[in-house]
Asker: 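Let me begin by handing over the structure; questions about it come next.
The first residue in the sequence is number 1, and the count goes up from there. Source: prediction; values computed, not measured.
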Amino acid sequence: MALSLEHFKLLNPKANQYAPGTGGTPDVTWQEVCDLLATVTPLCRAYARLQYAEDKRFAWVLVEAITREMAGEDRKKKRPLWPHQLMWLRFAEMAVFVCSKGLHLTRKQKAQELGIRFWTRKHEESLRLLMSALDELDYELRVAVRKWNGQQEPAYG
């Protein structure tokens with residue numbers, strides 16, 4: 001059986017407590033999901049656990065890593081978007097929250113979430129960069145699943 005993103009819920013122990021037993025062997029086991037996650041980066045693992053297993057403990061790991069990455073890239077620019085890493089931290093928290101909940105916020109809601117008066121192009125560009133980083137993690141995970149399924153398929157012929 002092929003592994004899909006829905007199988008990442010096996011990583012959450014609470015999901016397994018309520019699943020009724022079928023009496024047979026499962027099509028995808030917890031071990032197979034962990035084997036797949038061992039092939040991706042640690043940041044991608046944290047993203048998978050947060051997004052698909054809904055394990056909230058990995059939200060802060062993701063926020064810290066993305067904040068460091070974005071603040072470091074921003075400092076290299078001639079005209080950085082934000083002079084302090086704290087602003088990137090606030091944006092990263094919002095981006096991870098929005099991504100994990102699958103929300104689409106209006107400009108006013110985004111401004112309220114950050115505690116600012118107006119939402120500007122500078123704010124939108126910062127959020128877009130962070131959302132792009134999260135999309136790259138999702139893409140890395142999907143590529144790993146596709147590659148895993150290609151290796152696991154039996155050869156016919």
Asker: Supply the atom-to-atom distance D135 CG to R128 CZ, rounded to the nearest 0.5 angstrom.
Answerer: 11.5 Å
Asker: Are any of the side-chain heavy atoms of V96 and L130 separated by less than 4.5 Å?
Answerer: no
Asker: How long is the gap from CG on D74 to CG on L81, to the nearest 0.5 Å?
Answerer: 4.5 Å
Asker: Are T67 and Q85 close enough that a side-chain donor and a side-chain acceptor fall under 3.5 Å?
Answerer: no
Asker: Hydrophobic clusters here meaning ILVMFWY residues chained together by side-chain heavy-atom distances under 4.5 Å, can you tell me if Y139 and L37 are in one?
Answerer: no
Asker: As an exercise, state the distance from CZ of R146 to CG of L141, rounded to the nearest 0.5 Å.
Answerer: 11.0 Å
Asker: Would you say V143 ends up clustered with L43 if hydrophobic residues are merged whenever their side chains have heavy atoms under 4.5 Å apart, either directly or through other cluster members?
Answerer: no
Asker: So with a 6.0 Å cut-off around NZ of K108, is the heavy-atom count from everything else above 12?
Answerer: no
Asker: Would you say that L134 contacts L137 through its side chain, given a criterion of any heavy-atom pair below 4.5 Å between the two side chains?
Answerer: yes
Asker: Rounded to the nearest 0.5 Å, what separation is found between the CD atom of E93 and the CD atom of E64?
Answerer: 10.0 Å
Asker: I want to check something: taking the side chain as every heavy atom from C-beta on, are Y47 and E140 in contact at a cut-off of under 4.5 Å?
Answerer: no
Asker: Given the rule that I, L, V, M, F, W and Y join up when any side-chain heavy atoms are under 4.5 Å apart, are V61 and L89 in one cluster?
Answerer: no
Asker: Could you tell me if the side chain of H104 sits less than 4.5 Å from the side chain of Q109, heavy atoms only?
Answerer: no
Asker: Assess the residue pair R49 and R45 against the criterion (side chain to side chain contact (heavy atoms under 4.5 Å, CB included)); give the C-alpha distance rounded to whole Å, side-chain angles, the decisive distance to 0.1 Å, and a yes or no.
Answerer: CA-CA 6 Å; R49 286 184 172 270; R45 271 180 252 159; 5.6 Å; no
Asker: Any side-chain heavy-atom pair from W119 and L127 closer than 4.5 angstrom?
Answerer: yes
Asker: Compare all side-chain heavy atoms of E32 with those of W148 and state whether any distance is below 4.5 angstrom.
Answerer: yes
Asker: Does M94 form a side chain to side chain contact (heavy atoms under 4.5 Å, CB included) with H123? I'd like the steps, not just the answer.
Answerer: CA-CA 12 Å; M94 185 173 78; H123 296 111; over 6 Å; no
Asker: Is there a side-chain contact between P80 and R75 (heavy atoms, below 4.5 Å)?
Answerer: no
Asker: Inspect the surroundings of NZ in K122 and state if more than 12 heavy atoms from other residues, nucleotides or ligands are less than 6.0 Å away.
Answerer: yes
Asker: Is the closest side-chain heavy-atom distance between L129 and W88 below 4.5 Å?
Answerer: yes
Asker: Which heavy atom of M131 sits nearest a heavy atom of C99, and at what distance?
Answerer: CE-CB, 4.3 Å
Asker: Are W82 and S126 linked by a side-chain donor-acceptor pair shorter than 3.5 Å?
Answerer: yes
Asker: Measuring from C44:SG to D138:CG, what's the distance to the nearest 0.5 Å?
Answerer: 8.0 Å
Asker: When rounded to the nearest 0.5 angstrom, what is the spacing between CD in Q151 and CG in D35?
Answerer: 11.0 Å
Asker: Run the salt-bridge test on R107 and E124 with the 4.0 Å N-O cut-off and return the result as yes or no.
Answerer: no
Asker: How about K101: does its NZ atom have over 12 heavy atoms from other parts shown lying under 6.0 Å from it?
Answerer: no
